[in-house]
Number of protein chains: 2
Amino acid sequence: MKLDTRLSSVLHLVLHMADAGSPLTSETMAAMLGTNPVVVRRTMSGLREAGLVRSEKGHGGGWLLERSLNEITLADIHAALGHPALLAFGNRNDNPQCLVERAVNARMATAMEDVQSLVLQRLAAITLADIRSDFEDKLKDHHHAHHHS
Amino acid sequence: MKLDTRLSSVLHLVLHMADAGSPLTSETMAAMLGTNPVVVRRTMSGLREAGLVRSEKGHGGGWLLERSLNEITLADIHAALGHPALLAFGNRNDNPQCLVERAVNARMATAMEDVQSLVLQRLAAITLADIRSDFEDKLKDHHHAHHHS
DNA sequence: TTTCATGAAACAAATAAAGTTACGAGAAAG
DNA sequence: CTTTCTCGTAACTTTATTTGTTTCATGAAA
C-alpha cells in the first residue's frame, strides 16, 4: 500500500515557513522535499483555502503563515488537505446483495468510524508548536554532540 | 487513496465457508466476490499458513475452516494477511538529514504507533462469530420484511 | 517592460493493486 | 491408469492512482 505523505510533507514545509522571516517560494520549498514546485502549490492550495497560509505573487512573493504554530494542529492540516482517508483498509463493495457481506460491511463500518475518530483526536492533540519544540531539543543535542560538551 | 479490501473480502468468504458443510472451491468463492479464482488463492494462502483454514486438491477439494468462528478475530485475519498497513498516511522520507523533518518524523511515528495499536485492539475485539450473529439478525429482519409479519 | 512569482490545466511517468494466463502437481472418480 | 478436478505458483497484463512535468495565463515588484 502506498502511503499518503502529504501530511508529513506539509508539516515539514510549514515549520520552515515559520522559521523564515520572509515568504518562501514554491521552488525553495520543493527543494526541501526533493520535488517539483507545482506539487508544492497543489499540496499547499488546501491550506490557503483553509486560511492557514497565504501566498503572494511577484517579486519577493511566496508562502506565508497566517496563524501561529500553537494555533495549528495536525487535524487542521489533515482537514485542509481535504480529509484524506486515514485508514488503509475498507469494504470491497458498498452496496452488496449478499446478506453476509452486508453484515461484514456494517461491522467494519462501525469499527472504522470508531477508529477514525480516535486517530483524529490524536492528530488534534498535536500542534505545530509541539513539533517545533521537539526540533529545538534536537538542535540542542546536535550542537552538544558536535562540541563534545 | 486506494483501500485494501482483503480483510473485508476474507471475512465474507470465511463466513460462507462456515455455513457450507463441505469444502468451497476457489472458483465458487471467486464468484462470491466477483473476481478470479487465482485472486482467492493468493488472498487465502496467508490464512492457510496461519492455520486458520486448510485447502485440499482434487475432486471434492477446496477450502475448509480449521477453527470455529469464535476463535478467529479480525486481528488474526489481519495478521494472516501479512500485517498490511492499517494507516493510510506516513512519513515521506525515512532518514532525512534535515533536523526539522526528523522532528516531524519522530512525532508522526509516535502518533502512528499509538494509533495502530488502538486499531489492532479494536480488530482483536471482534470475532467472526460476532459478525455471524449480526448476519442472523439481518436474516430475521429480511424474512419478516418479505412476509409483512 | 522585464523579471519573478503563483494558479491552473493538461499531459506524462511511475507505482501498486488487481486481474489473467498458463502450467505443474496431487487427489479422487471412473 | 487415465481422466477430471482442484489447488499452487510464477509470469504477465490491465487498471487506477499518485506524483511529477510542461505550459501558459495572471499579477506584482523592480
**Student:** Would you kindly give the CG-to-C1' distance between B:Leu24 and D:dC5, to the nearest whole Å?
**Tutor:**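 Distance, rounded to whole Å: 15 Å.
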**Student:** When you match A:Arg42 and A:Ser55 each to their closest nucleotide on DNA chain C, which lands nearer the 5' end?
**Tutor:**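 Result: A:Ser55.
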**Student:** Do the side-chain N and O atoms of A:Thr28 and A:Thr25 include a donor-acceptor pair separated by under 3.5 angstrom?
**Tutor:**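 The criterion, which ignores hydrogens and geometry beyond distance, is satisfied for A:Thr25 and A:Thr28.
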**Student:** Among D:dT17, D:dT9, D:dT18, find the nucleotide with the atom closest to the side chain of B:Arg41.
**Tutor:**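 Among D:dT17, D:dT9, D:dT18, the one nearest the side chain of B:Arg41 is D:dT9.
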**Student:** From the options D:dG20, C:dG19, C:dA9, select the nucleotide whose nearest atom is closest to the side chain of A:Val38.
**Tutor:**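 Nearest listed nucleotide: C:dA9.
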**Student:** Tell me whether A:His78 contacts the main-chain N or O of A:Pro84 through its side chain, where contact means a donor paired with an acceptor under 3.5 Å.
**Tutor:**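 Checking the backbone N and O of A:Pro84 against the side chain of A:His78, a donor-acceptor pair under 3.5 Å is found.
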**Student:** Quick one: label A:Arg92 by what it contacts on the DNA or RNA (base, sugar-phosphate, nothing), any heavy atom closer than 4.0 Å.
**Tutor:**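 Sugar-phosphate: the residue A:Arg92, judged by heavy atoms under 4.0 Å, touches backbone atoms but no base.
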**Student:** Let me have a per-nucleotide readout for nucleotides 25-30 of chain C, 5' to 3', with B, S or -, counting only protein heavy atoms under 4.0 Å.
**Tutor:** -BBBS-
**Student:** Without decimals, in angstroms, what is the distance between B:Leu13 CG and D:dC7 P?
**Tutor:**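 Distance, rounded to whole Å: 12 Å.
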**Student:** How many Å lie between CH2 on B:Trp63 and C1' on D:dC7, as a whole number?
**Tutor:**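 For the pair B:Trp63 CH2 and D:dC7 C1', the rounded distance is 7 Å.
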**Student:** How is A:Thr35 classified with respect to the nucleic acid when contacts are heavy atoms under 4.0 Å: base, sugar-phosphate, or nothing?
**Tutor:**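 Sugar-phosphate only.
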**Student:** On DNA chain D, check which nucleotide each of B:Glu27 and A:Val39 is closest to and give me the residue with the more 5' one.
**Tutor:**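 Residue closer to the 5' terminus by nearest nucleotide: B:Glu27.
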**Student:** C:dT21 P sits how many Å from B:Asn36 CG, rounded?
**Tutor:**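 Rounding to the nearest Å, CG of B:Asn36 and P of C:dT21 are 8 Å apart.
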**Student:** Below 4.5 Å, heavy atoms only, C-beta onward: do A:Glu56 and A:Trp63 meet side chain to side chain?
**Tutor:**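 With C-beta onward as the side chain, the pair stays apart.
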**Student:** What's the closest nucleotide to the B:Arg6 side chain, out of C:dG19, D:dC7, C:dA18?
**Tutor:**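 Minimum distance to the B:Arg6 side chain belongs to C:dA18.
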**Student:** To the nearest Å, how far apart are A:Leu3 CG and C:dA14 P?
**Tutor:**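 In whole Å, C:dA14 P and A:Leu3 CG are 21 Å from each other.
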**Student:** Can you tell me how far apart CZ (A:Arg132) and OG1 (A:Thr127) are? Round to the nearest 0.5 Å.
**Tutor:**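 The distance works out to 12.0 Å.
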**Student:** Check whether any side-chain heavy atom of B:Thr73 lies under 4.5 Å from a side-chain heavy atom of B:Ile126, and answer yes or no.
**Tutor:**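 SC-SC contact between B:Thr73 and B:Ile126 ruled out.
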**Student:** Round to the nearest Å and state the distance from B:Glu56 atom CD to D:dC7 atom P.
**Tutor:**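 The answer, rounded to whole Å, is 10 Å.
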**Student:** Rounded to the nearest Å, what distance is computed from the CZ atom of residue A:Arg54 to the C1' atom of nucleotide D:dA28?
**Tutor:**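 To the nearest whole Å, that distance equals 14 Å.
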**Student:** Between P on D:dT18 and CZ on B:Phe89, what's the gap in Å once rounded to a whole number?
**Tutor:**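 After rounding, the reported distance stands at 16 Å.
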**Student:** Excluding sequence neighbours, so at least two apart, what forms salt bridge (charged side-chain N to carboxylate O under 4.0 Å, His left out) with A:Arg122?
**Tutor:**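 Listed in chain order: B:Asp114.
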**Student:** State whether a side-chain donor-acceptor pair under 3.5 Å links A:Ser68 with A:Glu71.
**Tutor:**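 A:Glu71 and A:Ser68 do have a side-chain donor-acceptor pair below 3.5 Å.
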